[in-house]
Number of protein chains: 2
Amino acid sequence: MSGSDQLSAVFSALADPTRRAILAELADRDATVTELTAPFTISMPAVSRHLKALERAGLISRTRSGKLRMSRIEAAPLREAAEWIERYRRFWDTSLTRLDAHLAAVQAAGRPTDGSAIPDSESPGKAHDKEN
Amino acid sequence: MSGSDQLSAVFSALADPTRRAILAELADRDATVTELTAPFTISMPAVSRHLKALERAGLISRTRSGKLRMSRIEAAPLREAAEWIERYRRFWDTSLTRLDAHLAAVQAAGRPTDGSAIPDSESPGKAHDKEN
DNA sequence: ACATCACTTAACCAAAACGTTAAATGTAGT
DNA sequence: ACTACATTTAACGTTTTGGTTAAGTGATGT
């Protein structure tokens, strides 16, 4: 996982296709570990650990119902992830190509007081660094 | 990385805060390895390998300019990642709460021909599985 | 009490990730 | 050709990840 912050945990959780499939499953309905294991070829302990990873990332919550243990999707942390990614929209979204060109031109011109550059909340040189 | 598909590679790349910081840096301007190494406490070989990971994910491209090697952001793959995440918007975005409730009700009622449920392009039981 | 079902934890293993330092490569300048 | 600079590759060690099987744990049913 490398970084142990929330964002890293979320991206890390999403990096595994099995975990993404589990989330997709849970988007339809809450499910038990057994139910979540069924579609895969891997063992139940393996799924159990995937669930733990998802829980660590805050992407699911779990409650015990008798001897069953239900997993529920808790996608709030995805918001932060989505927002992080959105900062780069201009680099791929064609509907922003004009603005992109404009910003590039402005930037190349010496970056006057525009302020619309990508907020570098995580770029180095600020307060980031460490945790490496 | 676990899965070797594009999406896994992208999420995996984003899971590391150093790589996110590098991307943030590259959002402002193309940069050399030396420039990208400066803000961190880690060695240049380490950064070089982070760049390789970003390149593998398609998030940057690199060109050689004399003895310098410029890295350029190539955020197109983020689109797929953003779209994947967006499928779960209703689980966190309050502006979709009403729709969310509606869908939940419809779903609980036995899921009539609605079609607006989350497209489970990666949920198991379909054609997924394998790669585990 | 005892067996059973639904998990989780433990112990283990192989592969991958991430970092380091030292050596190799490639380009430019003298 | 020699030197210097920029970057990568090699070799190495440690930690994390993802999987396995076997042994707990805890609630339910008989």
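All chains are named by letter (A, B, ...) in the order of the sequence lines, taking the proteins before the strands, and each is independently numbered beginning at 1.
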Taking only side-chain N and O atoms of [X], does any of them lie within less than 4.0 angstrom of OP1 or OP2 on [N]?
X: B/His50; N: C/dG19; result: yes
X: A/Ser48; N: C/dC7; result: no
X: A/Thr32; N: C/dC7; result: yes
X: B/Arg62; N: D/dT8; result: yes
X: B/Ser43; N: C/dT20; result: yes

[atom1] of [X] versus [atom2] of [N]: gap in Å, rounded?
X: A/Arg49; N: C/dA6; atom1: CZ; atom2: C1'; result: 18 Å
X: A/Glu55; N: C/dT9; atom1: CD; atom2: C1'; result: 15 Å
X: B/Phe11; N: D/dT17; atom1: CZ; atom2: C1'; result: 18 Å

Under 3.5 Å, which protein N or O atoms sit close to an N or O of nucleotides 22-30 of chain C? Give each pair with its distance.
none

Listed partners of [X] passing side-chain contact (heavy atoms from CB on, under 4.5 Å), at least two apart:
X: B/Gln6; answer: B/Val10, B/Pro77, B/Glu80
X: B/Ala31; answer: B/Leu26, B/Arg29, B/Glu35, B/Leu36
X: B/Glu86; answer: A/Ala82, A/Glu86, B/Arg89

Is there any salt bridge (charged side-chain N to carboxylate O under 4.0 Å, His left out) pair reaching into residues 67-79 of chain A, and which pairs are they, with sequence neighbours excluded?
A/Asp30-A/Arg72, A/Arg79-A/Glu83
Would you mind classifying the nucleic acid contact of A/Thr34 as base, sugar-phosphate or nothing, using non-hydrogen atoms under 4.0 angstrom?
sugar-phosphate
Picking from D/dT7, D/dT20, C/dA17, the nucleotide nearest the side-chain atoms of A/Ala46 would be D/dT20
In degrees rounded to 10°, what angle is found between the helical axes fit to the five outermost pairs at each end of the helix from C/dA1-D/dT30 to C/dT30-D/dA1?
10°
